[in-house]
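Only a predicted model underlies this, so the values are computations on that prediction, with no experimental measurement involved. By convention here, the first residue in the shown sequence is residue 1.
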Amino acid sequence: CAPTEPHPELVPRKIRKSGTGCLYQINDNLWEGSFFPRLPGGKRKKFNVYAETRDQCEAKLAEMIAEKKAEIAEEKAKQKENAPLLFNLAEIQNECTKRFKIKPDETLEIIQNLYEKKLVTYPRTDARVLSTAVAKVISKNLNGIAKGYQDEEVQGYIKKMVDEKYSTNIVKSKYVNDSKITDHYAIIPTGQGYENFGGLTALQKDIYKLIVKRFLCIFYPAAEYNKLSITINIENEEFSATSKVCTKLGYLEIAKSKQNSEKNVDKQVEKTEKCDKKENEISEELLKVLKKGQEIGNTLHEIIEDNFSK
């Protein structure tokens, strides 16, 4: 570790273990303890403590190292998940088959109809990203939706974007890539054609809303998760398993149904708050169901769900 002062005296000592920091005597009445850990982003950062005596400095250094290691471990446990790429024809056909139980040809026919009514962009595309030129003027699409699309749920998402000041500058994001576009960019709402919206069937309106919601997702922040890991020793053999709980919905607020997302976020946050209290109970449950050499699989997740739902 690099000393703070030009010529402090390095304390005579046994070689310190890795991760225990460094100790220096700056003068007769000042000691410095340093810790230089690697942060989750890959960079190192120096943290210092000071005290009048060696023993005081050792104690403060140990306390600081424990705190920093806990903070780093917590940050590493956080996981982020960005919104998926936009729809191309194949992707939306698959989605409509799952959601509405319709054939790919019927999906294409409906989106072609929406295109002819100027509600969405050209449907026969294999691209799931936008061009740089379109991304630079994407606010026109958003403003058109905000002014013309009379849907309470969607208007709520747009209002939140405005209130939370979410950025609409996506030019340098993964949703914009000129090299991945052959003839046409991804399917998105144009923010126009609402004079024709009233004449659509219920299914056509549902598919249009699906396109709008996927489009709005890319302007929302990533979903965030906390990873929970548990290791248990059974008959001198260790069993480890992990699960994760959502702490911030981010784009999932749109991607999931509104009613379910509100229920889920409350439930998931409540789970996170209960983690410390429930960990021992979860460990006991694992002991009951695990046998030596058994594959854990989804066992941890199931036990966590069962415990946290109580």
> Is Glu58 reaching over with its side chain to a backbone N or O of Gly33, donor-acceptor style, under 3.5 angstrom?
Replying inline: no
>> With a 3.5 Å distance limit and no angle check, can you tell me whether Ser34 reaches the backbone of Asn48 through a side-chain donor-acceptor pair?
In response: no
> Counting N and O atoms only, with roles assigned by atom type, does the side chain of Lys45 sit under 3.5 Å from a partner on the main chain of Pro37, one being a donor and the other an acceptor?
Replying inline: no
> At what distance, to the nearest 0.5 angstrom, does CD1 of Ile254 lie from NZ of Lys160?
Replying inline: 9.0 Å
>> Tell me which pairs pass salt bridge (Lys or Arg N to Asp or Glu O under 4.0 Å) where either residue lies in residues 113-137, with sequence neighbours left out.
In response: Glu91-Arg128
> Which pair of non-hydrogen atoms, one from Pro123 and one from Ile187, has the smallest distance, and what is that distance?
Replying inline: O-CD1, 3.5 Å
> Any salt bridge (Lys or Arg N to Asp or Glu O under 4.0 Å) pairs touching residues 95-106, not counting sequence neighbours?
Replying inline: Glu95-Lys98, Glu95-Arg99
> Mind checking whether Tyr208 and Phe197 have ring centres under 6.0 Å apart?
Replying inline: yes
> Does a sphere of radius 6.0 Å around CZ in Phe47 hold more than 12 heavy atoms from other residues, nucleotides or ligands, not counting ones at 6.0 Å or beyond?
Replying inline: yes
>> Can you confirm whether more than 12 heavy atoms, excluding those of Lys174, are under 6.0 Å from its NZ atom?
In response: yes
>> Could you tell me if the side chain of Ser173 sits less than 4.5 Å from the side chain of Ile218, heavy atoms only?
In response: no
> Looking at side-chain heavy atoms only, is the closest gap between Asn169 and Val171 below 4.5 Å?
Replying inline: yes
>> Would the distance check show the side chain of Thr121 and the main-chain N or O of Ala186 forming a donor-acceptor pair, the cut-off being under 3.5 Å?
In response: yes
> So, for Ile158 and Leu216, which heavy atoms are closest and what is the spacing to 0.1 Å?
Replying inline: CG1-CD1, 4.2 Å
>> Would you compute the distance between atom CD of Gln93 and atom CD1 of Ile110 and round it to the nearest 0.5 angstrom?
In response: 11.0 Å
>> Show the nearest heavy-atom pair for residues Ile65 and Gly19, with the distance to one decimal.
In response: CG2-O, 3.6 Å
>> Tell me which one of Val212, Leu114, Ile211, Ile111 satisfies side-chain contact (heavy atoms from CB on, under 4.5 Å) with Leu119.
In response: Leu114
> Which is it for Tyr157 and Glu253 under the side chain to side chain contact (heavy atoms under 4.5 Å, CB included) test, yes or no, and what are the steps along the way?
Replying inline: CA-CA 9 Å; Tyr157 299 141; Glu253 183 177 345; 4.2 Å; yes
>> Just verifying a value: how many Å separate Ser131 OG and Ile181 CD1, rounded to the nearest 0.5 Å?
In response: 5.0 Å
>> Nearest 0.5 angstrom please: Tyr50 OH to Leu30 CG, how far?
In response: 7.5 Å
> Partners of Tyr166 by ring pair (Phe, Tyr, Trp, His ring centres under 6.0 Å), sequence neighbours excluded?
Replying inline: Tyr220
>> For a side-chain hydrogen bond (donor to acceptor under 3.5 Å, both in side chains) check, start with the C-alpha distance between Asn226 and Thr247, then their side-chain angles and the critical distance, and finish with the verdict.
In response: CA-CA 7 Å; Asn226 275 350; Thr247 55; 4.6 Å; no
>> In the structure I gave you, are the side-chain heavy atoms of Trp31 and Leu23 within less than 4.5 Å of one another anywhere?
In response: yes
> How far does CG of Leu130 sit from CD1 of Ile170, to the nearest 0.5 angstrom?
Replying inline: 5.0 Å
> What are the two closest heavy atoms between Thr168 and Ile138, and how far apart are they?
Replying inline: O-CG2, 3.7 Å
>> Using salt bridge (charged side-chain N to carboxylate O under 4.0 Å, His left out), reason through Glu71 and Lys68 one step at a time and then give a plain yes or no.
In response: CA-CA 5 Å; Glu71 290 173 7; Lys68 294 303 175 185; 3.6 Å; yes
> What's the shortest heavy-atom distance between Ala83 and Cys217, and which atoms?
Replying inline: CB-O, 3.5 Å
>> For Leu210 and Asp206: C-alpha separation, side-chain torsions, deciding distance, then whether side chain to side chain contact (heavy atoms under 4.5 Å, CB included) applies.
In response: CA-CA 6 Å; Leu210 186 64; Asp206 285 343; over 6 Å; no
>> Please evaluate residues Ser179 and Asn177 with respect to the criterion side-chain hydrogen bond (donor to acceptor under 3.5 Å, both in side chains), reporting the C-alpha separation (whole Å), side-chain torsions for both, the decisive distance (0.1 Å), and the verdict.
In response: CA-CA 5 Å; Ser179 68; Asn177 191 332; 2.5 Å; yes
> Can you check whether Met64 reaches Phe35 side chain to side chain, under 4.5 Å on heavy atoms?
Replying inline: yes
> When you look at Tyr175 and Leu85, which way does the side chain to side chain contact (heavy atoms under 4.5 Å, CB included) test go after all the steps?
Replying inline: CA-CA 6 Å; Tyr175 308 104; Leu85 296 175; 3.9 Å; yes
> Looking at Val176 and Ala135, what are the two nearest heavy atoms and their distance?
Replying inline: CG2-CB, 3.5 Å
> Where the side chain of Thr125 meets the backbone of Asn88, is there a donor-acceptor pair that is under 3.5 Å apart?
Replying inline: no
>> Let me confirm one number: the CD-CG distance from Glu52 to Asn27, rounded to the nearest 0.5 Å.
In response: 10.0 Å
> Side chain of Asn113, backbone of Glu109: donor and acceptor closer than 3.5 Å?
Replying inline: no
> According to the interplanar angle, ranging from 0 to 90°, do the rings of Tyr149 and Tyr194 count as parallel (below 30°), tilted (30 to 60°) or perpendicular (above 60°)?
Replying inline: parallel
> Between Pro84 and Arg214, is any pair of side-chain heavy atoms under 4.5 Å apart?
Replying inline: yes
>> Run Ile145 and Phe215 through side chain to side chain contact (heavy atoms under 4.5 Å, CB included) and show every step you take.
In response: CA-CA 11 Å; Ile145 296 169; Phe215 174 64; 4.0 Å; yes
> Near Lys209 NZ, under 6.0 Å, is it more than 12 heavy atoms from other residues, nucleotides or ligands?
Replying inline: yes
>> What I'd like to find out is whether the side chain of Ile188 reaches to under 4.5 Å of the side chain of Asn141, using heavy atoms alone.
In response: yes
